[in-house]
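So the structure is just underneath, and the comments pick up after that.
As the structure is a prediction and not an experimental result, all values here were calculated from the model. A, B, ... follow the sequence lines: proteins, then strands. Residue 1 opens every chain.
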Protein chains: 2
Amino acid sequence: MADRQLGVTVEDVAREAGVSRSTATRALRGHGRIAEETRTRVEEVAARLGYVPNLAAADLAAGGTGVVGLMLRDAANPVYGALFSRIELAARDADLDLVTVTIGADPAGAQQVQGLRRLLGMRVAGLLVATGGVESARLEPFASEVPIVRIGRDEPSDRIHAEAYDEAWHGRLLADRVRALGHRRVVVLGADAATSYGEHARADALVDGLEGVRIDRVATGAAPDDGVGAALAAVDAGATAVLCASDTRQLAVLRALAAAGRACATTGWDGILPGVDLLGLTTVRVPVEAAADAGVARIAALLDGVVDAPIHRRWRGELLVGRTLTPAEDR
Amino acid sequence: MADRQLGVTVEDVAREAGVSRSTATRALRGHGRIAEETRTRVEEVAARLGYVPNLAAADLAAGGTGVVGLMLRDAANPVYGALFSRIELAARDADLDLVTVTIGADPAGAQQVQGLRRLLGMRVAGLLVATGGVESARLEPFASEVPIVRIGRDEPSDRIHAEAYDEAWHGRLLADRVRALGHRRVVVLGADAATSYGEHARADALVDGLEGVRIDRVATGAAPDDGVGAALAAVDAGATAVLCASDTRQLAVLRALAAAGRACATTGWDGILPGVDLLGLTTVRVPVEAAADAGVARIAALLDGVVDAPIHRRWRGELLVGRTLTPAEDR
DNA sequence: TTGAAAGCGCTAACAC
DNA sequence: GTGTTAGCGCTTTCAA
């Protein structure tokens, strides 16, 4: 086949097939009445000419797209990779087209504004927000224009839907276990709110579950081994466990402990990492699949005109018990 | 601020600001001559009205976008997550806008065609292809329309650029080590070509590097523990090492070995997984960053009109020596 | 420095 | 069933 010409328009196809532009469109899109014979001829010509419809023109003329915008946090973290993958899968099954913009951990929020404008500028039919970092206030002004569903994090606004993880419950799961194993002084290691909303909230959830336990809380920045030094110092001072708000951080702690020739109980959060089992991590397996599926199902329903009042749901994962959470006595 | 109206057009902004539509456009885009006073007034009005430019209209009128399309393999695999993340980062630095479509492991290639059409339909200014699965023949027809850069895999066509991994070299790195440790009969575990071009090519590279070694080659499908049974059987029959074309597969093998209470040397490929070090994996750390940066730099150059003849480059990673590759004698 | 006008490629009534 | 027509919202000459 010869090289395609992206410059080929329906006009060209129509002329070549000896029909009018609108007939060609009808044939190509399969809408309206069309003679079977015409349709095949037009399709044949389109294929021969290598016609690729100009989406900008189509969207403009049609007054909007059927596309759903996805705001995603940087997929370097396997948790977001897994979430992304599952959302894509669910969208495919639901026959939704997705366009994705990613957002790093950007304190100033410039990327968020940028990404949001990109999506809104495309006149997406709906918005899926899978980044904890985007504040509710930033989203809310658009809630009346476009249905918005948040995935993986709770949502204060009652104009935005949410399929969140039940982090409070997860925190209690972990905390109960830690207490049951006799720990009475622990380190809680989580990002500050600006770096990662999710990790911050998780650390809070842990703290809430740890009544009666003495807590050294360490806030970290973005770097994975941020705060690890402080955590080890607390261990030296008598803490018997280091509870981390993410598995990546737990790995950093394990690394540091090994390097220092020390031992200490640890827990993490996510449970997504391939190899959690082999590493023996104690962690919470976050219900990525459930939240992703529910989020996509919800946006699909909203697009279909099933207009519920925004619903906020929370999904529960499970505790993964590994070797890293040893009893307090073991020291 | 009141709720934004996505229905707001330049027309509305212009009227409200008391200027013509073209003046408003000029003010907003900062092109052409415009009185400073007018520009600020228009901008002020636009902000007040919550004007979000319709990208479809803009692209159509301007006759194309400045956006670069990225075709990515499903980010569930951390390697693709890392690649994605790095490409996004580099694009941000180079001030390129990216729109991403993802493609699963889809034998029929329907997703590929779909994704490609989406991107081409948007009239992207360039194409970044970070999926081994997309065949050269599928891309080539468009090479004259739009610059195409492949990232992470080699490219037979001389009309498409490539910033690939030097898998032949990587294979030799691993193979040499395996031989040096005395292995004379090994299993090579890699996907069949349809499931993963990359894994298949890697298995080939391993085999090429293993002159004088007896090889049981096992081809697998997509499931991570596919072929693991066959590999263990070969170990029973006398193979002293299992060489895997990806770390995920290596993990599956380690899991199976542990479950069976057996021991055997293993190697993997990727080295991206957080925790490779703690797991003690022996693997090749693939140069994701270098390839991503180079790919983005290349497409940026092409967009700037720096028209080189397509260049095919290969980037080299390094051997990561862990505990999993034991000497042959150890059995 | 600003405005008027001519489309970009496609869709969707509405006639024929 | 098919053709005609009127835009969608924006950019961009070209005059004023």
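Between the CG atom of Leu60(B) and the P atom of dG7(D) there is a distance of 17 Å, rounded to whole Å. Between the CZ atom of Arg33(A) and the P atom of dA12(C) there is a distance of 17 Å, rounded to whole Å. Per the geometry, CG belonging to Asn54(A) stands 14 Å off C1' belonging to dG7(C), to the nearest Å. For the pair Arg26(A) CZ and dT5(D) C1', the computed distance is 13 Å after rounding to whole Å. Look at CE on Met122(B): it is 15 Å from P on dC10(C), rounded to the nearest Å. Whole-Å rounding puts the Arg15(A) CZ to dG3(D) C1' distance at 16 Å. Computed from coordinates, the Asp59(A) CG to dT11(C) C1' distance equals 11 Å when rounded to whole Å. Rounded to whole Å, atom P of dC10(C) lies 9 Å from atom CZ of Arg21(A).
Looking at heavy-atom distances under 4.0 Å, Arg29(A) makes contact with sugar-phosphate atoms alone, never a base. Thr25(A) comes within 4.0 angstrom of a nucleotide base, judged by non-hydrogen atoms across all strands.
In summary, the side chains of Ser20(B) and Thr23(B) do present a donor paired with an acceptor at a separation below 3.5 Å, with no hydrogens or angles considered.
When the side-chain nitrogen and oxygen atoms of Thr23(B) are compared with OP1 and OP2 of dG3(C), one or more of them lie within a distance under 4.0 Å. Between Ser20(B) and dG3(C), a side-chain N or O to OP1/OP2 separation shorter than 4.0 Å is present.
Residues Gly63(B) and Glu36(B) both approach DNA chain C. Their nearest nucleotides, taken by heavy-atom distance, put Glu36(B) toward the 5′ side. Across the interface with DNA chain C, nearest-nucleotide mapping of Glu11(A) and Gly18(B) shows Gly18(B) to be the residue nearer the 5′ end.
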Exercise for review: Quick one: do Val10(A) and Tyr51(A) satisfy side chain to side chain contact (heavy atoms under 4.5 Å, CB included)? Show the steps, please.
Suggested key: CA-CA 8 Å; Val10(A) 247; Tyr51(A) 170 65; 3.7 Å; yes
Exercise for review: Please lay out, stage by stage, how Glu88(B) and Asp74(A) fare under the test side chain to side chain contact (heavy atoms under 4.5 Å, CB included).
Suggested key: CA-CA 8 Å; Glu88(B) 282 278 357; Asp74(A) 172 4; over 6 Å; no
Exercise for review: Determine, stepwise, if the pair Trp315(B) / Val288(B) fulfils side chain to side chain contact (heavy atoms under 4.5 Å, CB included).
Suggested key: CA-CA 9 Å; Trp315(B) 297 89; Val288(B) 169; over 6 Å; no
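Nearest nucleotide to the Tyr51(B) side chain, out of dA12(C), dC10(D), dT2(D): dC10(D). The side chain of Ala61(A) has dG7(D) as its nearest neighbour among dG7(D), dC10(D), dT2(C).
In terms of polar N and O atoms assigned as donor or acceptor, the side chain of Ser22(B) never comes within less than 3.5 Å of the base of dA5(C) in a complementary pairing.
Considering Ile160(B), Leu70(B), Leu116(B) as possible partners of Leu127(B), the one that fulfils the side chain to side chain contact (heavy atoms under 4.5 Å, CB included) test is Leu116(B).
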